[in-house]
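Model, not experiment: these values are computed from the prediction.
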Amino acid sequence: MEFVFHLSDYDSPALEDETVRLLTRRLEAHSRRTMPGVWKATDKCNAYAAKGPGREKRRTRYRIYGVILIALGIFALVPGLAEPQTPVLTGAGVFAILSGILNFRLTGERKAPSPPDACRKEAARLLEQRRSIDWSLPENRTELRFDREGMSVHTGEETSAVPYADMTGLFETENLWMLLYGGEQAVLLQRKDLTEGSAEDFSLFIREKLTKRE
């Protein structure tokens, strides 16, 4: 089985966000390898927060509290604003309404953390370097071929090879793969550049090679 890529322009606007996501996953994977104990504790805490005992009951209770607090806030705010105005009632009404809204927000799903700035900067640098190359020029035309032995890179008259034993990870998004090899090196592959083989088969093929390597 073989898979062939012919590199082309990295011109899709979606690549900025996807490259950041790939680098964030790469960073997390490295962190998990170097600090497994910390991540084990973190995963347990996250699992408890997401599916812990009584979570649904707490969400229902917070909603009920929210409705009651907003109703009490309106009940106090309306007469507080009427002439003659009563600042104490107005303040109490505003406070109760805000507290009710806060209780509703506590029932929502927590947002995923923002990617680290280092990943954003590295993604911008990587894409800038890729986009500075005119891949249509004969001297820049690059073919990557994956076969039984590993990855071979053909650029102009130069050829280099990377065996599967040197590959350490594969991360993917809707339009990209990031293949890690040789320690800190990585190659960014676009799905549109895959000219031989299917995207699904390529992902399975590389992951199988990585599993055997382990």
Side-chain angles (χ1 to χ4, degrees), residues 1-12 14-40 43 115-214:
M1 183 177 292
E2 287 190 346
F3 300 89
V4 180
F5 290 82
H6 290 95
L7 301 191
S8 63
D9 292 338
Y10 291 69
D11 51 3
S12 172
L15 299 187
E16 282 87 351
D17 175 69
E18 292 187 30
T19 305
V20 172
R21 285 157 51 195
L22 288 171
L23 289 169
T24 302
R25 293 174 192 172
R26 175 187 178 184
L27 180 64
E28 179 180 330
H30 175 74
S31 177
R32 285 181 179 275
R33 286 196 301 271
T34 56
M35 297 184 293
V38 173
W39 277 99
K40 184 177 181 180
D43 290 339
D117 288 339
C119 292
R120 294 186 182 277
K121 292 178 181 178
E122 177 62 17
R125 186 199 65 78
L126 180 60
L127 285 175
E128 182 180 6
Q129 189 272 333
R130 297 280 87 186
R131 288 169 172 170
S132 67
I133 300 173
D134 185 348
W135 298 99
S136 64
L137 296 177
E139 62 269 25
N140 293 332
R141 288 176 184 168
T142 302
E143 176 189 277
L144 284 80
R145 184 176 295 270
F146 295 82
D147 55 25
R148 291 183 300 175
E149 304 300 324
M151 175 180 71
S152 57
V153 183
H154 307 274
T155 303
E157 297 182 355
E158 297 183 1
T159 300
S160 59
V162 178
Y164 291 114
D166 289 349
M167 298 180 187
T168 57
L170 179 72
F171 304 95
E172 61 182 298
T173 56
E174 297 84 356
N175 298 294
L176 294 171
W177 286 284
M178 177 176 285
L179 179 63
L180 308 182
Y181 65 95
E184 295 299 318
Q185 299 185 72
V187 59
L188 197 63
L189 300 170
Q190 299 185 91
R191 290 177 183 259
K192 70 173 185 176
D193 292 341
L194 180 61
T195 57
E196 292 186 28
S198 72
E200 293 77 13
D201 288 342
F202 176 73
S203 295
L204 292 173
F205 179 79
I206 297 298
R207 295 190 188 283
E208 181 181 352
K209 294 295 184 181
L210 293 175
T211 301
K212 289 182 178 179
R213 186 189 67 82
E214 297 173 354

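Counting only distance, with no hydrogens or angles, the side chain of Arg207 and the backbone of Leu170 share a donor-acceptor pair below 3.5 Å. The closest donor-acceptor contact from the side chain of Arg141 to the backbone of Leu7 lies at 3.5 Å or more, if one exists at all. Side-chain atoms of Asp166 do not come within 3.5 Å of backbone N or O of Gly182 as any donor-acceptor pair. Side chain of Ser132 to main chain of Gln129: a donor-acceptor pair is present (N/O by atom type, distance under 3.5 Å, no hydrogens or angles). In this structure a side-chain-to-backbone donor-acceptor pair under 3.5 Å is present from Asp147 to Gly150. Within the 3.5 Å criterion, the main-chain N or O of Asp201 finds a donor-acceptor partner in the side chain of Ser198. In this structure, the side chain of Tyr10 engages the main chain of Leu188 through a donor-acceptor pair within 3.5 Å. A donor-acceptor contact shorter than 3.5 Å links the side chain of Gln190 to the backbone of Ser8.
For the side-chain hydrogen bond (donor to acceptor under 3.5 Å, both in side chains) test, no residue two or more places apart in sequence or in another chain qualifies with Thr24.
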Legend entry - Check against side-chain contact (heavy atoms from CB on, under 4.5 Å), Met167 and Lys209: CA-CA 9 Å; Met167 298 180 187; Lys209 294 295 184 181; over 6 Å; no
Inset, instruction - Given side-chain contact (heavy atoms from CB on, under 4.5 Å), test Leu176 with Leu189 step by step and report yes or no. - result: CA-CA 6 Å; Leu176 294 171; Leu189 300 170; over 6 Å; no
Legend entry - Tyr164/Leu210 under side-chain contact (heavy atoms from CB on, under 4.5 Å): CA gap, chis, key distance, verdict: CA-CA 7 Å; Tyr164 291 114; Leu210 293 175; over 6 Å; no
Inset, instruction - Might you work through the side-chain contact (heavy atoms from CB on, under 4.5 Å) test for Glu2 and Arg145, ending with a clear yes or no? - result: CA-CA 7 Å; Glu2 287 190 346; Arg145 184 176 295 270; 2.9 Å; yes
Inset, instruction - Apply the test salt bridge (charged side-chain N to carboxylate O under 4.0 Å, His left out) to residues Asp9 and Lys192: give CA-CA distance (whole Å), side-chain angles for both, the deciding distance (0.1 Å), then the verdict. - result: CA-CA 10 Å; Asp9 292 338; Lys192 70 173 185 176; over 6 Å; no
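Across all non-hydrogen atoms, the minimal contact from Glu196 to Leu194 is O-CD1, 3.3 Å.
For the pair Arg26/Leu180, a side-chain contact is recorded, criterion being any heavy-atom separation below 4.5 Å from C-beta on.
Taking the six-membered ring for Trp and thresholds of 30 and 60 degrees, Phe5 and Phe202 have ring planes more than 60 degrees apart, a perpendicular arrangement.
Salt bridge status for Asp117 with Lys121: absent, with no side-chain N to carboxylate O gap under 4.0 Å. For the pair Arg148 and Glu208, the salt-bridge criterion is not met [side-chain N within less than 4.0 Å of a carboxylate O].
With rounding to the nearest 0.5 Å, the separation of NE2 in His6 from OG1 in Thr195 is 5.0 Å. Rounding to the nearest 0.5 angstrom, the gap separating the OG atom in Ser160 from the NE2 atom in His154 is 8.5 Å. A distance of 9.0 Å separates CG in Leu204 from CE in Met1, rounded to the nearest 0.5 Å. In this structure, CG on Leu27 lies 11.0 Å from CD on Glu122, to the nearest 0.5 angstrom. Atom OG of Ser152 and atom CD of Glu143 lie 7.0 Å apart (nearest 0.5 Å). To the nearest 0.5 Å, atom CD of residue Glu172 and atom CH2 of residue Trp177 are 7.0 Å apart.
The number of heavy-atom neighbours closer than 6.0 Å to CD of Glu174, taken from other residues, nucleotides and ligands shown, is above 12.
Between the side chains of Thr142 and Trp135, not a single donor N or O lies within less than 3.5 Å of an accepting N or O.
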